[in-house]
Amino acid sequence: MLESFPERIPELTDLDLIIIGGGPAGLTAGLYAARANMKTVLLDSKDVGGEILNTNVIEDYPGFESVTGAELAKKMADHALKFGLKIETYKPVKGIRSEGDRKIVTLQDGTELSAYAVIVTVGGEPTKLGVVGETEYHGRGVSYCAVCDGAFFKGADLAVIGGGDSAFQEGLFLTRFANKLYVVHRRNEFRAQAILQDRLLGMEKVEPITPAEVKEIGGNGDVKWIDIERDGKIERVKVEGVFVFIGFKPVGRYLFREHIDHDKNGYLITDQYMRTSIPGVYAAGDTRAQLAKQITTAVGDATTAVLHAERYIEELKDLERAFPSEPKEVVAQTASKADLVVFAPDDIVLREGDPADRFYMVIKGEAEATHRGPDGSQVVISRFGPGDYFGEIGLLNDAPRRATVRAKTSLELMALDRETFAKLMKSSQATEDEVRRVAAERTQAATPR
Ligand code: NAP
């Protein structure tokens, strides 16, 4: 699909962002990153498109009443390319590790790329039945993709295994070729959406076999039958193709040697911004723990991930400028814990006399600190612009705020909680000395003579 790409990986050692996986989530992240002018590369082990390439017709992506998976994948890729995304296909990733404030992505061929942030959108792989004959007949009648293999089975009797959306959607596709289609499911109730159930089970050539479990797949070089167990009895069903859709195994976590939080099924756990437990690593799409594995949710989550990654990188660079002696990995941890807070002009950020709970650094805009003078009037004692910090005095002295800080313009601040600030101070004596020096200077300047 993407013939125009260079064969060789160019110098890619100082990137902002690496996106791993070119399905809908990855391509959306790529589109947003390219539009934000982030230095980004998207890597895919195959051609871009991901799972939707294995999907015949998509009918639940808003704006597209009916579109083939291949067509939607091409539209998404073309869209991202138009805005300048660099896509590298057939570049499988072997591993990701943290090094200072960077993520190092190693490809199977040994090439190393580095970036401040990584978004993992690698999806997963189909779950296997684990029965005798499944591996032996894979590619000779056993398949996990109807769109890829269905056409090889014109006029044949086929079985789909599973009761979810995939089984039904792929089953519908297979009815184009099948003489007879069995839907073998371990329970009587199906999980698939009602509309898919009505369509598939309403067809004359379709016969559900439930509750039934596949016990063995057999044949004579090619698949000829499956043995199923129903009501405690083994029955042999003659089929030439077995299409297995019994779920999905996320693969994102296998890219990391260091620990990354995942649930009991291996899905990566993220917060609302798609941050994983590793600073600078985000996850979106089917490899992330979530309620719905849909294209719509994948693109939404990817948008959140890239917008947050952009802020994370900005905050990381601001922190590095402000605290040059800080170890780089501590800066990355600090940036990953930071909250972005916004204020309108004239809003009060913190008020004199209030307890001190956060440390702030200005990302965008201006703020002003005032102190109540002896006559009760407000005296301006400091002005803050991008890169300046405030709020340190109360935290260092465990004392109430000595000043009121107000937004002069629209204001974006990075906020660190007490614990994150304390860790930052503890990890470098030079940083603590410098912050204490600034605090002492400010305290002196605000003290009436
Ligand atoms: P799924 O929803 O998890 O369904 C898997 C099916 O396989 C279930 O019916 C399950 O049975 C059965 N199963 C699981 N393990 C089995 C085993 N060892 N032996 C026999 N049967 C087994 O998986 P999916 O259909 O691949 O869908 C994955 C996600 O993608 C879902 O969230 C789905 O909604 C989404 N999706 C959406 C669309 C769409 O058109 N919007 C299309 C495809 C997929 P039980 O029901 O008994 O657990």
Side-chain angles (χ1 to χ4, degrees), residues 23-25 49-73 121-135 142-148 150 159-174 182-201 208-217 226-230 234-235 237 242-252 263-268 284-301:
E51 265 305 298
I52 60 172
L53 291 180
N54 302 334
T55 308
N56 177 38
V57 180
I58 292 159
E59 293 182 337
D60 52 10
Y61 191 64
F64 294 81
E65 270 171 48
S66 180
V67 61
T68 67
E71 205 181 329
L72 187 59
T121 56
V122 290
E125 55 190 36
T127 308
K128 307 286 186 302
L129 275 168
V131 298
V132 173
E134 184 180 21
T135 311
V142 174
S143 170
Y144 304 89
C145 176
V147 176
C148 321
V160 284
I161 319 297
D165 283 338
S166 297
F168 275 70
Q169 210 168 45
E170 307 277 323
L172 274 166
F173 182 72
L174 289 172
Y182 298 101
V183 180
V184 182
H185 179 43
R186 63 183 178 184
R187 293 186 298 131
N188 280 326
E189 296 77 37
F190 296 105
R191 249 175 224 277
Q193 299 166 36
I195 187 170
L196 295 176
Q197 292 192 37
D198 291 348
R199 268 193 220 160
L200 186 67
L201 300 177
I209 305 183
T210 64
E213 276 186 35
V214 179
K215 289 292 175 194
E216 189 175 338
I217 300 170
I226 53 175
D227 276 351
I228 56 144
E229 186 177 342
R230 183 160 47 169
I234 301 288
E235 299 170 33
V237 182
V242 185
F243 288 80
V244 182
F245 303 108
I246 59 162
F248 170 89
K249 191 172 124 210
V251 295
D263 69 10
K264 65 178 177 13
N265 296 318
Y267 290 94
L268 296 181
D286 287 357
T287 213
R288 180 180 99 83
Q290 53 171 325
L291 175 68
K293 286 216 261 348
Q294 300 290 314
I295 307 171
T296 47
T297 49
V299 304
D301 293 347

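In listed order, ligands and their atoms are each counted from 1.
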Closer than 3.5 angstrom, by distance alone: can the side chain of Glu216 be matched with the main-chain N or O of Val132 as a donor-acceptor pair?
no
Please check: side-chain N/O of Glu134 versus main-chain N/O of Gly130, any donor-acceptor pairing under 3.5 Å?
yes
Where is the nearest protein heavy atom to atom 18 (N) of ligand 1: which residue, which atom, and how far?
Ile246 CD1, 3.8 Å
Let me confirm one number: the OG1-CG distance from Thr55 to Leu72, rounded to the nearest 0.5 Å.
9.5 Å
List the atom of Val131, the atom of Val214, and the distance in Å for their closest heavy-atom pair.
CG1-O, 3.3 Å
Which value, rounded to the nearest 0.5 Å, describes the distance between Ile228 atom CD1 and Ile161 atom CD1?
9.0 Å
For atom 23 (O) of ligand 1, what's the nearest protein heavy-atom neighbour? Residue, atom name and distance, please.
Gly247 CA, 3.7 Å
In the protein, what heavy atom is nearest to atom 10 (C) of ligand 1, and what distance, to one decimal place, separates them?
Arg186 NH2, 3.9 Å
the protein heavy atom lying closest to atom 33 (C) of ligand 1 turns out to be Asp165 OD2, 3.5 Å
Phe245 to ligand 1, any heavy atom closer than 4.0 Å
yes
Nearest non-hydrogen atom to atom 46 (O) of ligand 1 belongs to which of Glu170, Arg191, Glu51?
Arg191
Taking both backbone and side-chain atoms of Gly163, is any N or O found less than 3.5 Å from an N or O belonging to ligand 1?
yes
Below a 4.0 angstrom heavy-atom separation, can you tell me which part of Gln294, side chain or backbone, both or neither, approaches ligand 1?
side chain
Looking only at heavy atoms, is any part of Glu213 under 4.0 Å from ligand 1, and if so is it the side chain, the backbone, or both, or is it neither?
neither
Apply side chain to side chain contact (heavy atoms under 4.5 Å, CB included) to residues Phe245 and Val160 and explain how you reach the verdict.
CA-CA 7 Å; Phe245 303 108; Val160 284; 4.1 Å; yes
Applying a 4.0 Å heavy-atom criterion (strictly less than), which segment of Lys293 is in contact with ligand 1: side chain, backbone, both, or neither?
both
Counting each atom of ligand 1 from 1 as listed, which ones have a heavy atom of Asp60 under 4.0 Å away?
39 (C), 40 (O), 41 (N)
Is the closest heavy-atom distance from Ala292 to ligand 1 below 4.0 Å?
no
Ring pair (Phe, Tyr, Trp, His ring centres under 6.0 Å) partner of Phe168, the single match among Phe243, Phe173, Phe190:
Phe190
Main-chain N/O of Gly285 paired to Gln290 side chain as donor or acceptor, under 3.5 Å:
yes
Distance from Tyr144 atom OH to Thr127 atom OG1, nearest 0.5 Å?
9.5 Å
Check each atom of ligand 1 against the heavy atoms of Arg187 and keep those under 4.0 Å away; list them by number with element.
45 (P), 46 (O), 47 (O)
Sub-3.5 Å donor-acceptor pair from the side chain of Asn265 to the main-chain atoms of Tyr267, do we have one?
no
Enumerated ligand 1 atoms positioned under 4.0 Å from heavy atoms of Gln193
39 (C), 40 (O), 41 (N)
Can an N or O of Glu189 be found at a distance shorter than 3.5 Å from an N or O of ligand 1?
no
What's the separation between atom CD1 in Ile246 and atom CG in Leu129, rounded to the nearest 0.5 Å?
4.5 Å
Looking only at protein heavy atoms, which one is nearest to atom 26 (O) of ligand 1, and how far off is it?
Ser166 OG, 2.8 Å
Atoms of ligand 1 under 4.0 Å from any heavy atom of Gln169, numbered from 1 in the order shown, are 40 (O), 42 (C)
